[in-house]
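Here the structure is a predicted model, which is why all the values come from computation and not from measurement. We name chains A, B, ... by the order of the sequence lines, and we start the count at 1 in each one.
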Protein chains: 2
Amino acid sequence: MALEHAILVSLDERSGSGYELAQRFEKSIGFFWPATHQQIYRTLKRMVDLGWVSGHEVTQDGRPDKKVYEVTEAGHGELARWLAAPGEPETIRHDLSVKVRGASLGDSTALIGEIARHRDLHAERLDVYLAIEKKDFPAPAALSGRRLHQYLVLRGGIRAEQALVEWCDEVLAAMREDDRR
Amino acid sequence: MALEHAILVSLDERSGSGYELAQRFEKSIGFFWPATHQQIYRTLKRMVDLGWVSGHEVTQDGRPDKKVYEVTEAGHGELARWLAAPGEPETIRHDLSVKVRGASLGDSTALIGEIARHRDLHAERLDVYLAIEKKDFPAPAALSGRRLHQYLVLRGGIRAEQALVEWCDEVLAAMREDDRR
DNA sequence: GGGAGTTATGCAACTAGTTGCACTGCACCC
DNA sequence: GGGTGCAGTGCAACTAGTTGCATAACTCCC
């Protein structure tokens, strides 16, 4: 499981509470490993039991208290172990492909609409990623270390969304053409 | 959930037993919606309860008996409903991206090896898909209906794997360059 | 003083997917 | 007759992820 490891990576960058982690997962890390606050709280608890992180209460004024977690020695060890360990390539589950495959069994106009909607959603995400690239990484050739790694992950998101948009366009063109005949 | 719907699509193409379905999921449908035989048997049972498929025992000689399932009226209705219904874009969970993001926290040589391994795995899959494209769809412009849809889904797999291979190459080049400095 | 909004944590119940094992029947080969 | 291997179905126990709800403290605005 990689949620633990995603949390370790994130906490290593900067210690934080469950709530803060959940927010980070809304963007950046969450782009390629989404998680809800429930999952994060539960996992943090498990990670404390495993000794990978330690948490301590922080009293705040003006807002409720929180528990801030940081990575322990053991946590760093586990992270290093996991980074070097071989993993399976992702098993992708692509709903829309199942729908395209079954297209002849339903209303093709409705499905074309659904695909167009997904195309736009992916185009939107792509724009978000491209904006981040432009703003945060104006000179990629000069990057190194952690900043380089962040950039490379973003590049993965860009490539994936680009591929999806282009695929949707291909599907739309072919299905509309087929409908006309 | 789409496993039910993936099974409906597959059974609509051709009725079959749980075992046969599991084999189909090893290829074609399973490329973008993997499922084990366990999941398939359990889901088929649930689908019988829902009235979406009906199963009957088939006695065979030379091999064990089997239960062959086919899609019912209600199953076709559900499939049509689902095809037109809006769905969420996939939540991708990409392990390797988490690893790249955490690269500075472990042994970079080992991680580069791991990425190279994934690159090759994806390149292999891509070759498989390209071989199918060449063999089964030599004249894509002439396709229509179900055959066209199968082709389009294959195109999605090709684009996805291509994007992954290219991304791995980009990551490898950048990380090796960064290591040298 | 009352409601909406944000920060903050969590339980309970559910659905989905994985892993390991168990059983049957038959064929085919040594 | 003994091993391997394929066809065929399934249970049990587990891990992972989702959804709905509950609660608390504090701010800001009407």
Side-chain angles (χ1 to χ4, degrees), chain A residues 1-8 11 15-26 29-30 32-50 53 55-69 82 87-95 98, chain B residues 1-8 11 15-27 29-30 32-50 52-53 55-69 82 87-95 98:
Chain A
M1 219 271 280
L3 178 54
E4 281 95 335
H5 302 104
I7 289 176
L8 285 175
L11 279 183
S15 298
S17 68
Y19 188 83
E20 284 163 338
L21 277 170
Q23 281 179 312
R24 290 186 217 168
F25 272 77
E26 285 295 297
I29 301 253
F32 48 91
W33 203 281
T36 61
H37 76 276
Q38 298 300 342
Q39 240 179 304
I40 291 168
Y41 283 124
R42 230 177 329 128
T43 305
L44 279 171
K45 201 159 282 181
R46 205 189 322 143
M47 290 169 76
V48 170
D49 293 342
L50 289 165
V53 297
H56 54 278
E57 295 261 347
V58 173
T59 14
Q60 305 189 107
D61 52 66
R63 54 181 61 176
D65 299 351
K66 62 178 177 181
K67 278 182 221 161
V68 170
Y69 295 90
W82 176 75
E88 289 300 298
E90 297 310 306
T91 45
I92 37 91
R93 289 202 160 82
H94 203 234
D95 230 62
V98 180
Chain B
M1 219 271 280
L3 179 55
E4 281 97 333
H5 301 103
I7 290 176
L8 285 175
L11 279 183
S15 298
S17 67
Y19 188 83
E20 283 163 338
L21 277 170
Q23 281 179 311
R24 290 185 217 168
F25 271 77
E26 284 295 297
K27 39 185 174 53
I29 302 254
F32 47 92
W33 204 281
T36 60
H37 74 277
Q38 298 300 342
Q39 239 179 306
I40 290 168
Y41 283 125
R42 230 174 332 126
T43 304
L44 279 170
K45 201 159 282 180
R46 204 186 326 142
M47 291 169 76
V48 170
D49 293 342
L50 288 165
W52 295 354
V53 297
H56 54 276
E57 294 260 349
V58 172
T59 15
Q60 304 188 107
D61 52 67
R63 55 181 63 175
D65 300 350
K66 62 179 175 179
K67 279 181 219 160
V68 170
Y69 294 90
W82 176 76
E88 289 300 298
E90 297 311 307
T91 45
I92 37 92
R93 289 204 161 80
H94 202 234
D95 230 59
V98 180

Original post:
Does Arg63(A) have any salt bridge (Lys or Arg N to Asp or Glu O under 4.0 Å) partners at least two apart in sequence or in another chain, and if so, which?
Top reply: none
Nearest whole angstrom, please: distance from the [atom2] of [N] to the [atom1] of [X].
X	N	atom1	atom2	answer
Tyr19(B)	dT9(D)	OH	C1'	11 Å
Leu21(B)	dG10(D)	CG	C1'	16 Å
Glu57(B)	dG10(D)	CD	C1'	13 Å
Lys66(B)	dG10(D)	NZ	P	14 Å
Leu44(B)	dG8(D)	CG	P	14 Å

Under the rule for side chain to side chain contact (heavy atoms under 4.5 Å, CB included), what residues qualify as partners of [X], not counting sequence neighbours?
X	value
Thr43(A)	Leu3(A), Glu4(A), Ile7(A), Arg46(A), Met47(A)
Pro34(B)	Thr91(A), Arg93(A)
Glu57(A)	Asp65(A), Lys67(A)
Ala2(A)	Trp33(A), Trp82(A), Asp95(B)

**OP:** Could I get the full list of ring pair (Phe, Tyr, Trp, His ring centres under 6.0 Å) partners for Tyr41(A), not counting sequence neighbours?
**Re:** His37(A)
**OP:** Identify whether any heavy atom of Glu4(B) sits under 4.0 Å from a base atom; if not, whether one sits that close to sugar-phosphate; answer base, sugar-phosphate or nothing.
**Re:** nothing
Polar atoms only, N or O, under 3.5 Å: list the protein pairs with nucleotides 21-28 of chain D and their distances.
residue : atom : partner  : partner atom : Å
dC26(D) : O3'  : Gly62(A) : O            : 3.4

Subject >> Phosphate OP1/OP2 of dG10(D): any Tyr41(B) side-chain N/O under 4.0 Å >> reply: no
Subject >> Boundaries of the chain A footprint along DNA chain C (any atom under 4.0 Å from a heavy atom) >> reply: dT7(C) to dT18(C)
Subject >> Trace of the side-chain contact (heavy atoms from CB on, under 4.5 Å) decision for Tyr19(A) with Ile40(A) >> reply: CA-CA 9 Å; Tyr19(A) 188 83; Ile40(A) 291 168; over 6 Å; no
Subject >> End axis versus end axis in the helix from dG1(C)-dC30(D) to dC30(C)-dG1(D), the angle rounded to 10°, five pairs used at each terminus >> reply: 10°
